[in-house]
2 protein chains.
Amino acid sequence: MRHLECFLAVGEERHFGRAAERLGMEQPPLSQRIRRLEKELGAELFDRSGGQVALTAAGSVLMREAPALLRQHQRLRTLVKRAAEADPAEPPRPWSSIY
Amino acid sequence: MRHLECFLAVGEERHFGRAAERLGMEQPPLSQRIRRLEKELGAELFDRSGGQVALTAAGSVLMREAPALLRQHQRLRTLVKRAAEADPAEPPRPWSSIY
DNA sequence: ACTGATTACGTCGCACGTAACAATA
DNA sequence: TATTGTTACGTGCGACGTAATCAGT
């Protein structure tokens with residue numbers, strides 16, 4: 001999930017340096033994350049040749065589809081948090097059902 | 001993401017042992033994962049008191065919402081994989097644009 | 001006492017930052 | 001040579017399995 005945010009930053013900036021700054025991290029970890037994501041997905045996402053950071057076909061698909069997944073993820077977090085606040089799990093009160 | 005699969009297994013089985021077996025792992029790591037997930041979400045998901053594994057309100061919400069997220073995640077992986085296979089990133093051929 | 005969940009502990013892999021390197025303009 | 005991306009390396013946290021412990025029936 002974090003990988004996707006990093007990927008989106010790079011895909012939008014088309015620049016590892018600016019993306020890393022935007023994400024509050026350094027370039028090397030970012031580069032590694034992207035590589036891992038590519039390996040995990042089994043697909044090259046960026047074409048780094050030619051001094052350019054260009055999207056591959058797979059990268060374009062991911063750029064188009066990733067935001068929806070991130071939004072849904074955020075939505076889920078919000079719903080769960082809300083439910084937990086509305087019905088806070090009662091702290092253990094072993095006596096409550098007796099008295 | 002993996003956390004959600006673990007959570008769903010426990011939520012469906014309502015039993016850490018069977019869930020762990022289904023997931024191909026041991027109970028202790030599973031228990032830890034669930035605890036981490038709960039801490040990360042800031043919400044109790046299960047009520048382990050009474051020798052029962054019962055869903056809390058937040059847990060119920062997650063049981064209802066998680067499958068959609070997992071499906072979308074799987075869909076994304078499929079789309080990316082397909083795009084990568086349809087347009088395999090060309091291996092570096094520095095001479096191709098010359099000859 | 002037995003079944004089931006958690007905590008304790010050692011190990012491995014991932015993620016980060018800093019530093020050194022390679023490649024492109 | 002300056003800029004940009006990657007590899008190298010050491011450190012810390014997360015995840016796993018095995019073993020020991022706690023809780024409920």
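Just so it is clear: chains get the letters A, B, ... in the order the sequence lines come, proteins before strands, and each one is counted from 1. Excluded from the calculations below are hydrogen atoms, water molecules and symmetry mates; all remaining heavy atoms, backbone and side chain alike, are included.
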So, is B/Arg33 close to the D/dC16 phosphate, meaning a side-chain N or O under 4.0 Å from OP1 or OP2?
-> yes

What's the closest nucleotide to the A/Arg36 side chain, out of D/dT7, C/dC14, C/dA5?
-> C/dC14

Spatial distance of atom CG (A/Leu76) from atom NE2 (A/His73) [nearest 0.5 Å] | 7.0 Å

Taking all atoms of both residues into account, what is the closest heavy-atom pair of B/Glu5 and B/Leu23, and its distance?
-> O-CD2, 4.2 Å

Phosphate OP1/OP2 of D/dT3: any A/His15 side-chain N/O under 4.0 Å = no

Contact under 4.0 Å: A/Ser31 side-chain N or O vs D/dT6 OP1/OP2 = yes

Closest nucleotide among C/dG17, C/dT6, D/dG17 to the A/Glu26 side chain = C/dG17

Given C/dA5, C/dA8, D/dT6, the nucleotide with the shortest approach to the side chain of B/Phe16 = C/dA5

Select from A/Gly24 and B/Leu30 the residue whose nearest nucleotide in DNA chain C is closer to the 5' end of that strand.
-> B/Leu30

Is B/Arg48 near enough to D/dA23 that one of its side-chain N or O atoms lies under 4.0 angstrom from OP1 or OP2?
-> no

Do the side-chain N or O atoms of B/His3 get closer than 4.0 angstrom to the phosphate oxygens (OP1, OP2) of D/dG14?
-> no

Basic-acidic side-chain contact under 4.0 Å: A/Glu65, B/Arg82 | no

